[in-house]
Protein chains: 2
Amino acid sequence: MSLIFSRQCEYALQAVLYLALKSHNEMTSIKELTKRLDIPYHFLAKILQDLTRKGLLSSLKGPTGGFGLGMPAKDITLFHIVEAIDGVDFMHSCVMGFPECTGKNPCAVHEKWANLRDGVYTMLVSKNIAEMAKNMRKPEYQSA
Amino acid sequence: MSLIFSRQCEYALQAVLYLALKSHNEMTSIKELTKRLDIPYHFLAKILQDLTRKGLLSSLKGPTGGFGLGMPAKDITLFHIVEAIDGVDFMHSCVMGFPECTGKNPCAVHEKWANLRDGVYTMLVSKNIAEMAKNMRKPEYQSA
DNA sequence: GAATATTCAGATATTTTAGTCTTAATATAG
DNA sequence: CTATATTAAGACTAAAATATCTGAATATTC
């Protein structure tokens with residue numbers, strides 16, 4: 001089996017989206033995230049630290065510490081998160097894995113995949129996470 | 001990084017498509033496939049055996065032996081191959097990995113992903129490999 | 001029947017991804 | 001200043017995916 005994004009990346013998307021629901025400057029602990037999202041604690045910790053190093057999140061130690069967005073929610077799209085965790089090789093590689101597949105030398109589904117891939121790109125960039133958070137009343141998160 | 005199909009599955013798609021170019025009843029050795037497609041010999045062998053067990057290919061031992069399609073090329077789609085190797089969980093799972101994501105309780109990109117996923121399905125079933133082979137003059141295969 | 005070319009089956013090895021554990025650093029509250 | 005709650009960092013383990021190896025089975029040709 002194989003998904004379009006790695007598990008790490010899925011967790012990252014979920015976590016950042018959760019943080020986008022919070023008010024600016026409010027810090028959220030790994031403990032809360034792990035409970036609400038049902039993600040293994042230490043694994044999530046590593047992902048959040050990674051996103052922090054890359055500037056998408058900010059963090060603060062100590063009691064009242066935790067993680068928050070590293071920039072305004074309106075400046076973050078899902079694409080930024082995918083880019084940071086999985087990279088975006090899927091944007092320019094053949095869906096059947098042919099190394100030589102190009103516009104000049106296309107595989108049997110080259111064009112169709114190109115369209116779909118553009119659709120994925122659009123899906124990832126067309127809304128920022130502030131807009132997403134607005135239309136989202138935490139349906140997917142486990143109650144506290 | 002993460003691709004939509006596993007490497008195994010990519011190799012399977014490539015191999016079956018290559019076999020579809022051959023005339024009915026012609027057997028092709030792993031050696032030829034491995035050379036033309038640049039896939040590790042023993043890894044490809046395992047994949048072909050798997051596809052044979054599942055009926056998509058047929059095989060014959062001995063000199064003049066090898067692999068061929070297990071049913072008429074017009075009855076095989078890319079979907080069959082993906083189904084056999086990776087499975088098709090991606091057809092009904094949330095792209096962000098939310099376990100509870102459903103139509104009633106959708107994630108932020110539920111609808112968009114549903115459309116794209118249907119597009120992928122269409123891409124995989126709309127042509128059989130006989131049609132594909134017809135319009136394909138082996139551009140993606142390394143010369144012998 | 002012997003030699004050879006192939007697939008078959010299963011064990012092993014390697015690499016990547018996923019997940020865990022432990023200790024240190026740091027901020028807060030009292 | 002001390003106790004405590006947090007993140008940071010890195011080592012470690014586990015599982016899955018990818019790849020390799022070896023010997024057996026089988027079909028063909030001579």
Side-chain angles (χ1 to χ4, degrees), chain A residues 1-15 19 22 25-35 37-70 82 84-87 89-90 97, chain B residues 1-15 19 22 25-35 37-70 82 84-87 89-90 97:
Chain A
M1 207 243 300
S2 113
L3 301 164
I4 182 150
F5 302 129
S6 70
R7 230 197 203 66
Q8 265 200 53
C9 190
E10 289 181 352
Y11 291 163
L13 291 167
Q14 294 176 22
L19 294 177
K22 298 292 188 94
N25 284 336
E26 184 179 353
M27 287 308 207
T28 306
S29 69
I30 301 175
K31 206 159 69 178
E32 176 177 341
L33 285 160
T34 221
K35 187 178 283 179
L37 296 169
D38 198 28
I39 300 173
Y41 185 96
H42 293 282
F43 194 33
L44 179 56
K46 270 192 23 179
I47 296 167
L48 296 177
Q49 285 158 22
D50 202 14
L51 291 170
T52 302
R53 256 180 261 112
K54 286 171 177 157
L56 284 171
L57 299 184
S58 69
S59 69
L60 189 65
K61 292 180 183 175
T64 80
F67 293 87
L69 299 180
V82 171
I85 301 294
D86 274 352
D89 283 7
F90 78 92
Chain B
M1 208 241 303
S2 113
L3 300 163
I4 182 151
F5 302 129
S6 71
R7 231 202 208 40
Q8 265 200 55
C9 189
E10 288 181 354
Y11 291 162
L13 291 166
Q14 294 176 23
L19 294 176
K22 299 291 188 94
N25 283 338
E26 183 180 354
M27 286 309 206
T28 306
S29 69
I30 301 175
K31 205 159 69 179
E32 176 178 340
L33 285 160
T34 221
K35 187 178 286 179
L37 296 170
D38 196 28
I39 299 173
Y41 186 96
H42 293 282
F43 194 35
L44 179 57
K46 269 193 25 178
I47 296 167
L48 296 177
Q49 284 158 22
D50 201 15
L51 291 169
T52 302
R53 257 180 261 112
K54 287 171 175 158
L56 284 171
L57 300 183
S58 69
S59 69
L60 190 65
K61 291 179 183 176
T64 80
F67 294 87
L69 298 180
V82 172
I85 301 294
D86 274 353
D89 282 6
F90 78 94

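Computed from heavy atoms alone, side chains included, the values below leave out hydrogens, waters and symmetry copies. Throughout, a chain's letter reflects where its sequence line sits, starting with A, and its residues are numbered from 1.
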Provide, to the nearest angstrom, the distance between the [atom1] atom belonging to [X] and the [atom2] atom belonging to [N].
X	N	atom1	atom2	answer
A:I30	C:dG19	CD1	P	16 Å
A:L60	C:dA25	CG	C1'	13 Å
B:D86	D:dA16	CG	P	15 Å
B:F5	D:dT18	CZ	C1'	19 Å
A:I85	C:dT16	CD1	C1'	16 Å
B:K31	C:dC8	NZ	C1'	18 Å
A:M27	D:dA5	CE	C1'	14 Å

Problem - By side-chain contact (heavy atoms from CB on, under 4.5 Å) - contacts of A:Q8 (at least two apart) - result: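 With neighbours one apart ignored, the set is A:S6, A:F43, A:I47, A:I85.
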Considering just the side-chain nitrogens and oxygens of [X], establish if one lies under 4.0 Å of OP1 or OP2 belonging to [N].
X	N	value
B:S59	C:dC8	yes
B:K61	D:dT28	no
A:Y11	C:dG19	yes

Practice task
Please report how far the helix from C:dG1-D:dC30 to C:dG30-D:dC1 bends, comparing the axis fitted to its first five pairs with the axis fitted to its last five, to the nearest 10 degrees.
Solution key: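 The helix from C:dG1-D:dC30 to C:dG30-D:dC1 shows an end-to-end axis angle of 0°.
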Handout entry: Test item: A:H42 and A:K46 side chains (from C-beta on) under 4.5 Å apart, heavy atoms
Key =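 A side-chain contact is absent here, since even the closest heavy-atom pair is not under 4.5 Å.
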Rounded distance [0.5 Å steps], [atom1] in [X] versus [atom2] in [Y]:
X	Y	atom1	atom2	answer
B:I4	A:F5	CD1	CZ	9.5 Å
A:D50	A:L56	CG	CG	9.5 Å
A:Q14	A:L37	CD	CG	5.5 Å
B:L51	B:L44	CG	CG	9.0 Å

Exercise for the section: Just compare D:dA19, C:dA29, D:dT6 and give me whichever is closest to any side-chain atom of A:T64. Expected result: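 It is C:dA29.
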Minimum heavy-atom distance between [X] and [Y], given as atom pair plus value:
X	Y	answer
A:S59	A:M27	C-CE, 3.9 Å
B:F67	B:L19	O-CD2, 3.7 Å
A:K31	A:Y41	N-CE1, 3.9 Å

Handout entry: Upstream residue (5' side of DNA chain C) when A:Q8 and B:P63 are each assigned their closest nucleotide
Key =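 Whichever sits nearer the 5' end wins; that is B:P63.
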Handout entry: Interface with DNA chain D, restricted to residues 40-53 of chain A and to heavy atoms under 4.0 Å
Key =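 Only A:Y41, A:Q49, A:R53 qualify.
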